Amino acid sequence: MTVNPDYLVLFFTTTSGASGDQLGSDEKEIVQLVWQVVDLATKKAGQVNELLVKPDHVELSEECQEVSGLTEEALTEAEALEEAIEQLNQRLCAEVDAGAGNTFYLCTDGQLHIRQVLHPEASSKNLLLPECFFSFFDLRKEFKKKFPSEGELKDLNLQVMADCILKRHVKYYVLSHQFSFPEKVNDKFETGTCSKMERVDDNTVIRARGLPWQSSDQDIARFFRGLNIAKGGAALCLNAQGRRNGEALVRFESEEHRDLALQRHKHHMGTRYIEVYKATGEDFLKIAGGTSNEVAKFLSRENQVIIRMRGLPFTATAEQVLQFFSPACPVTDDSEGILFVRFPDGRPTGDAFVLFSHEEHAQNALKKHKDILGKRYIELFKSTAAEVQQVLNRYSSAPLIPVAPSPILSVVPPPTFMPPTAAVTGVRDCVRLRGLPYDATIQDILVFLGEYTADIKPHGVHMVLNQQGRPSGDAFIQMRSADRAFLAAQHCHKRSMKERYVEVFACSAQEMNIVLMGGTLNRSGLSPPPCKLRRLSPPSYAFPHGTTVLPPTAIYPSQFLLSPRTLAPTTAFYPASNPLYMNYTTYYPSPPGSPPNISYFPTGHTPSAGSVLSAPPTALIRMQGHAPSHAYNSGVKEILSMVHGYQVSLKYTHDCIIILM
């Protein structure tokens, strides 16, 4: 946009920290504002004006004191930034006689005074800047237009430019130059879509890490206030479970703004510092790019606020969603403003995105977080266009079951941990705890659940460990009924345990088994390496007999010796036409199924006649070296202590003790 200003205001800022090329990189506050008005018509410059600004923390660096000559005592009587900006604007308008229609533009030495100092601090203090601070001239760029052969733009400063003008004997450069194309500072972030076919410059993208999980694209734009983010250029990253992982990819309008963004490395968003690194255009397209026409049509409505719904009943309809939000939160275009997320075969995932035309409507909608729709509570989150693309891409382009390479693999059939009927019913009679303190114990969980502790099944607390054998922060609780599990999830969700809130969800035994055996509850892909599980208490469960792992000939007919020996499993080959993923290490969940008692006795097998057993035991251990005459004074108490909690009986022979389990 071409302009023809009447006045030019030379503007300069000083912070309590670094100066020069590092100005604003240390997040220090403004302590001084200096300006001078130049009348471009009469070629006359006014007097130099100064305003001192009192920062929240009056502590000046040595560099600041040396360059500016300011002292901490001088700042104690100064005005705060908000009052100083207002006073500056009033004095400028009066000096240029803005009431008579005269126009003026700021002119700074480089970009830092406006983009890296004034706008970021005003944003962090929730200050509204006058309109004059959103357009300015960069003296270095204007100098480069006049003298294109005078070095690189990044090497220019006031001294270099002054020396060049004196060397060339160019008088009144600032007064005679035509200032027509000012720099613009975007006052708001524009949402939009991005196609995977779009070309994105690698030199315009950064990766921000350490974001609060509840942050939105508007929060990211606010963190980078003063820098121009491209339309739809803020993309929050999701993890394998579809949740935000604290990272975002941001695309700027130019390489210059990207470089300025890198200087905000470890600046703060609230109480968290944010790491900023270089990224590539390919990284950005992986997150924000989309190919679905349905998504493009949904996101084509500009200036809409997007809300994500999670946990919808699979039978939920658009009419039910509209009724859920009515009447205080009207959805944009009614049912056209609702996008259900589905698997490739058309089945619903339980997620949906909803558009609202006003921020006020969206805020009212968020107040319905955890309200009930049907028989399920619904989670609501503020979302972004990039998140819509990611979620739709993950569910629509990935197969339901990831296909592994198909070599012939020798595998051991996994033991059956739960009765088949419980695995397929899908009754949500279990509770999942997420976000537990890493030092949480069983007693802590029982205290946390309070009155619902009485509804826990015997030995029904299962804490999940990660691959290194450390607590993962997750646990599963088996409840006596689905109703009690639902009530426990409702009343205990986000209660605090050791200064951390814990999320509580109802789930089924099948879902619990998926996680306990190393998988995840999402269908978009395999989880990281499976979790090991801590054995919490002796089991009192009766496990069904699974398929035979060891041939009967490898088993003693009437007893299983607890002595080390190599027992090769049978080999089952899966043809290449039926590929599958598998865990290559056996992980036994709690309640544990001990290797001596799972699938070692084939169905229908009975010990030979004359055995000490009349029926096949669940497990049998032979301990040699204990004569009956010395049994009660040679360690039986220790033996019973070893198998404490198991239903056992002892049989004595002439040279050993046999433990029946």
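Note that the structure is a prediction, hence the values are computed from the model and not measured. Atom set for the values below is all heavy atoms of this structure, side chains included, hydrogens, waters and symmetry mates excluded.
There is a side-chain donor-acceptor pair under 3.5 Å between Thr280 and Asp283. There is no side-chain donor-acceptor pair under 3.5 Å between Glu83 and Gln87.
Ionic pairing of Glu379 and Arg308 is not present here: no N-O contact between side-chain nitrogen and carboxylate oxygen is shorter than 4.0 angstrom. A salt bridge does not link Glu86 with Arg91: none of the charged nitrogens is closer than 4.0 Å to a carboxylate oxygen. Between Glu247 and Arg207 a salt bridge is recorded (basic side-chain N to carboxylate O distance below 4.0 Å). Ion pairing between a basic and an acidic side chain is recognised when a charged N comes within 4.0 Å of a carboxylate O; Arg225 and Glu121 show no such pairing. Note on Lys494 versus Glu503: no salt bridge recorded, every NZ/NE/NH1/NH2 to OD/OE distance being 4.0 Å or above.
Arg115 pairs by the side chain to side chain donor-acceptor pair (under 3.5 Å) definition with Gln111, Glu183, not counting sequence neighbours. In this structure, the salt bridge (charged side-chain N to carboxylate O under 4.0 Å, His left out) partners of Arg140, at least two apart in sequence or on a different chain, are Asp109. Listed by chain and number, the residues in a ring-ring contact (aromatic ring centres under 6.0 Å, His included) with Phe104 amount to none (sequence neighbours excluded). Every residue two or more places apart in sequence or in another chain was checked for a ring-ring contact (aromatic ring centres under 6.0 Å, His included) with His267, and none qualifies. Residues passing the side chain to side chain donor-acceptor pair (under 3.5 Å) test with Lys498 are Asp444, sequence neighbours excluded. With sequence neighbours excluded, the residues that form a ring-ring contact (aromatic ring centres under 6.0 Å, His included) with Phe11 are Phe133. Partners of Lys231 under the salt bridge (charged side-chain N to carboxylate O under 4.0 Å, His left out) rule, at least two apart in sequence or in another chain, are Glu302. When the salt bridge (charged side-chain N to carboxylate O under 4.0 Å, His left out) test is applied to Lys370, no partner is found at least two apart in sequence or on another chain. Phe324 meets the ring-ring contact (aromatic ring centres under 6.0 Å, His included) test with no other residue; sequence neighbours excluded. Residues meeting the salt bridge (charged side-chain N to carboxylate O under 4.0 Å, His left out) test with Glu190, sequence neighbours left out: none.
Taking the ring centroids of Phe252 and Phe224, they lie under the 6.0 Å cut-off. Aromatic ring centres of Phe134 and His119 lie closer together than 6.0 Å. In this structure, Phe325 has its ring center closer than 6.0 angstrom to the ring center of Phe356.
Heavy atoms only, all atoms of each residue included: Cys194 and Leu285 are closest at SG-CD2, 3.5 Å. When all heavy atoms of Leu51 and Ala84 are compared, the closest pair comes out as CD1-O, 3.5 Å. Nearest heavy atom pair, residue Pro5 against residue Leu40, reads O-CD1, 3.6 Å. Residues Phe284 and Gly232 come closest through the heavy atom pair CZ-O, 3.7 Å. Summarising the geometry of Ala386 relative to Ala234, their closest heavy-atom pair is CB-O, 3.9 Å, with the distance given to 0.1 Å. Leu23 and Thr13 get closest at one heavy-atom pair: CD2-OG1, 4.1 Å.
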Exercise. Tell me, with the steps shown, if Tyr273 and His265 meet ring-ring contact (aromatic ring centres under 6.0 Å, His included).
Key: CA-CA 8 Å; Tyr273 71 82; His265 180 61; 7.8 Å; no
Practice problem: Quick one: do Ser216 and Asp219 satisfy side chain to side chain donor-acceptor pair (under 3.5 Å)? Show the steps, please. | Solution: CA-CA 5 Å; Ser216 66; Asp219 295 320; 3.3 Å; yes
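Using a 4.5 Å heavy-atom cutoff, the side chains of Ile229 and Asn186 are not in contact. Residues Phe340 and Leu312 form a side-chain contact, since some pair of their non-hydrogen atoms from C-beta on lies under 4.5 Å apart. With contacts defined as side-chain heavy-atom distances shorter than 4.5 Å, the pair Leu75/Pro55 qualifies. Between Leu355 and Phe298 there is a side-chain heavy-atom pair separated by less than 4.5 Å. Contact of the Gln389 side chain with the Leu299 side chain is registered, since non-hydrogen atoms from C-beta on lie closer than 4.5 Å. For the pair Thr108 and Leu139, the minimum side-chain heavy-atom distance is 4.5 Å or more. Put simply, the side chain of Cys329 does not reach to within 4.5 Å of the side chain of Gln363, judged on heavy atoms. Asn49 has its side chain out of reach of Gln36: every pair of non-hydrogen atoms, C-beta onward, lies at least 4.5 Å apart.
Relative ring orientation between His493 and Tyr377 is described as tilted, the plane-to-plane angle lying within the 30° to 60° band. The aromatic rings of His361 and His358 lie perpendicular to each other, with more than 60° between the two planes, well past the 30° mark.
Listed by first and then second residue, the side-chain hydrogen bond (donor to acceptor under 3.5 Å, both in side chains) pairs involving residues 20-32 are Thr14-Gln32, Gln22-Ser25, Glu27-His268, Glu29-Lys125, Gln32-Glu50 (not counting sequence neighbours). Applying the side-chain hydrogen bond (donor to acceptor under 3.5 Å, both in side chains) rule to pairs touching residues 60-80 yields Ser19-Glu63, sequence neighbours excluded.
Looking at Arg251, its side chain never comes within 3.5 Å of a backbone N or O of Asp202 through a donor-acceptor pair. Judged by distance alone, the side chain of Asp351 and the main-chain N or O of Val341 form no donor-acceptor pair under 3.5 Å.
Rounded to the nearest 0.5 Å, atoms CG (Leu52) and CG (Leu33) are 9.0 Å apart. Note that OG of Ser215 is 12.5 Å distant from CZ of Arg222, once rounded to the nearest 0.5 Å. The structure places OG1 of Thr349 at 11.0 Å from CZ of Arg310, a figure rounded to the nearest 0.5 Å.
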